[in-house]
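For this chain, numbers begin at 1 and follow the sequence in order. Numbering of ligands and ligand atoms starts at 1, following listing order. Note that the structure is predicted; figures quoted are calculated from it, not measured.
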Amino acid sequence: MASVTCTAPVNIAVVKYWGKRDTQLILPTNDSLSVTLSQDILHSKTSISASKEYTQDRLWLNGKEEDITNNKRMHNCFRETRALRKKMEEQDSSLTPLSTYCLHVCSENNFPTAAGLASSASGLAALVFTLAKLFDLPISMSDLSRIARQGSGSSCRSLFGGFVAWEMGDQEDGSDSRAVQIAPDTHWPELEALICVVSDAKKGTSSTSGMQQTIETSRLMKERLQLVPELMDAMTKAILDKDFQSFAELTMRDSNQFHCVCLDTFPPIFYLNDTSRGIIKLIHEYNASYGTYKAAYTFDAGPNAVIYAPKENMKEIVQMIAHYFPPSEEKKSTYFTDPYHLFENGKLSGDRPIINDSFNSSVIPVYPAGSVGRLLHTKVHDGPRVLSNDQSLLNAEGIPKNLIQ
Ligand code: DP6
């Protein structure tokens with residue numbers, strides 16, 4: 001039995017991918033760009049074993065077996081990586097014929113699924129990366145990203161750390177639609193992120209169906225597609241120059257524009273809720289009070305905010321969010337995840353933060369306790385990692401160690 005275990009990170013786009021020109025191959029209608037977040041806080045971990053004893057491909061997610069019969073996206077990833085392995089085996093008969101063996105896949109997220117954070121990008125990236133390692137494929141990350149893309153579009157960007165673009169390409173077969181690294185995580189270490197978990201409920205409209213509804217019905221979307229190339233250039237430059245002022249404005253504008261085309265979808269799609277809008281107002285007031293951008297928000301297909309900011313502002317931002325969006329009494333102890341010890345003893349006071357004289361503290365009311373359920377402080381970090389075999393999620397029989405019946 002051959003077995004490999006890897007982890008892959010979450011990425012949060014600052015130029016959003018929204019819309020497919022080919023839903024089978026998962027080819028997007030625009031380029032996108034994201035930032036890879038630390039795996040210390042959020043990651044998907046996947047173990048895959050191959051054995052000639054296995055009778056079928058099987059998958060366990062967070063300990064529970066899933067029926068993968070109709071999981072087309074997963075089969076795409078199996079098919080593509082097996083085909084590459086098969087070629088290698090044809091050229092070298094001494095290789096174990098892993099391409100003919102069935103696979104057991106076990107995957108877990110280190111964040112509670114209930115945290116309401118997207119796990120498909122890290123999950124599919126972990127799957128494809130682990131398959132490549134198991135099959136020992138001599139493949140570049142960008143080439144592998146073309147396979148990950150067919151699992152879930154945004155997962156192709158989770159194969160790299162740092163700052164990552166997904167080039168839409170123009171070939172019909174998708175051969176040039178792949179992820180490339182713009183800059184590694186070490187390029188801009190001052191940039192950090194704060195994830196504000198507003199809701200842990202599963203979203204009403206999935207990204208997959210929402211984006212196609214937008215493509216079919218939104219006229220504004222056509223306008224957006226014209227604007228993205230210029231935006232990609234400006235965002236790339238802002239990142240390479242470590243220019244937070246440009247990065248912040250472009251990030252917030254892109255998030256707003258994405259939610260604007262969601263609203264222009266017919267019938268409209270609402271991902272933001274009242275708490276999300278409160279966060280938007282607060283960040284704008286915070287920036288205006290300093291007369292400069294100190295923080296930038298972005299929202300994916302849900303109400304949770306990700307706030308990008310330079311390290312030096314993070315403490316003030318956490319205090320500000322915690323004041324306006326206090327934790328509920330029962331969730332107090334898990335409210336703030338402080339892996340980098342921003343606060344001594346991890347203690348966060350709910351006092352009104354003194355930001356500066358110009359800050360209008362009544363810009364928004366203090367929201368009902370629990371409107372923001374969790375705050376996670378995180379950083380820009382590296383891409384997928386290979387773990388040692390003793391960290392495998394599968395036992396010697398290829399069954400999850402933490403099996404939930
Ligand atoms: C709003 O990658 O989840 O997060 O390709 O259908 O699996 P599929 O969609 P998915 O869409 C992500 C959309 C987004 C923006 C982004 O990550 O770029």
Student: If hydrogens are left out, which of Asn30, Asp300, Leu124 has an atom nearest to atom 4 (O) of ligand 1, that is, the closest non-hydrogen atom?
Tutor: Asp300
Student: Do any nitrogen or oxygen atoms of Asn11 come within less than 3.5 Å of a nitrogen or oxygen of ligand 1?
Tutor: no
Student: Asp233 versus Thr236: any side-chain heavy-atom pair under 4.5 Å?
Tutor: no
Student: Look at ligand 1 and say whether Phe258 reaches it with a heavy atom at a distance under 4.0 Å.
Tutor: yes
Student: Tell me, do Tyr101 and Thr96 make a side-chain contact under 4.5 Å, heavy atoms counted?
Tutor: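 Side-chain contact under 4.5 Å: yes.
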Student: Measure Ile12 to ligand 1 on non-hydrogen atoms and call it side chain, backbone, both or neither using the 4.0 Å cut-off.
Tutor: neither
Student: Below 30° counts as parallel, above 60° as perpendicular, anything between as tilted: where do the rings of Phe78 and His75 land?
Tutor: perpendicular
Student: Number the atoms of ligand 1 from 1 as they appear, then name those within less than 4.0 Å of a heavy atom of Met211, with their elements.
Tutor: 9 (O), 11 (O)
Student: For ligand 1, which atoms, with element, lie under 4.0 Å from some heavy atom of Arg73?
Tutor: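 What qualifies from ligand 1 is 6 (O), 7 (O), 8 (P).
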Student: Can you find an N or O of Ser154 that's nearer than 3.5 Å to an N or O of ligand 1?
Tutor: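 In this structure, Ser154 places an N or O atom under 3.5 Å from an N or O of ligand 1.
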Student: Under 4.0 Å from a heavy atom of Ala13: give me the atoms of ligand 1 that qualify, with their elements.
Tutor: 16 (C), 17 (O), 18 (O)
Student: Run the salt bridge (charged side-chain N to carboxylate O under 4.0 Å, His left out) test against Glu53 and tell me which residues pass, sequence neighbours left out.
Tutor: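 Partners of Glu53 by the salt bridge (charged side-chain N to carboxylate O under 4.0 Å, His left out) criterion come out as none, since no residue qualifies.
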Student: Parallel under 30°, tilted from 30 to 60°, perpendicular over 60°: which one fits the rings of Phe325 and Tyr367?
Tutor: tilted
Student: In ligand 1, which numbered atoms sit nearer than 4.0 Å to a non-hydrogen atom of Arg157?
Tutor: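 This gives 16 (C), 17 (O), 18 (O) as the contact atoms.
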Student: Check ligand 1 against Thr208 and write out every atom of the ligand that is under 4.0 Å from a heavy-atom position of the residue.
Tutor: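 In order of number, 6 (O), 7 (O), 8 (P).
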Student: Is ligand 1 less than 4.0 angstrom away from at least one heavy atom of Ala301?
Tutor: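 Ala301 counts as a contact of ligand 1 under the 4.0 Å cut-off.
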Student: Hey, what's the ring geometry for Tyr54 with His104, parallel, tilted or perpendicular (30° and 60° as the breaks)?
Tutor: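 Rings of Tyr54 and His104: parallel, as their planes differ by under 30°.
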Student: ring-ring contact (aromatic ring centres under 6.0 Å, His included) between Tyr297 and His284: does it pass, once the steps are laid out?
Tutor: CA-CA 9 Å; Tyr297 55 78; His284 277 286; 5.3 Å; yes
Student: Tell me whether Ser44 contacts the main-chain N or O of Gly123 through its side chain, where contact means a donor paired with an acceptor under 3.5 Å.
Tutor: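 Checking the backbone N and O of Gly123 against the side chain of Ser44, a donor-acceptor pair under 3.5 Å is found.
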Student: Taking the side chain as every heavy atom from C-beta outward, state whether Pro28 and Ser177 have any atom pair closer than 4.5 Å.
Tutor: yes
Student: At less than 4.0 angstrom from any non-hydrogen atom of Lys20, what atoms of ligand 1 do you find?
Tutor: 5 (O), 6 (O), 8 (P)
Student: Checking contacts here: is it the side chain or the backbone of Ser152 that comes within 4.0 Å of ligand 1, counting heavy atoms only? Could be both or neither.
Tutor: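 Both backbone and side chain.
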Student: Show the atoms of ligand 1 that are less than 4.0 angstrom away from any heavy atom in Ile26.
Tutor: 5 (O)
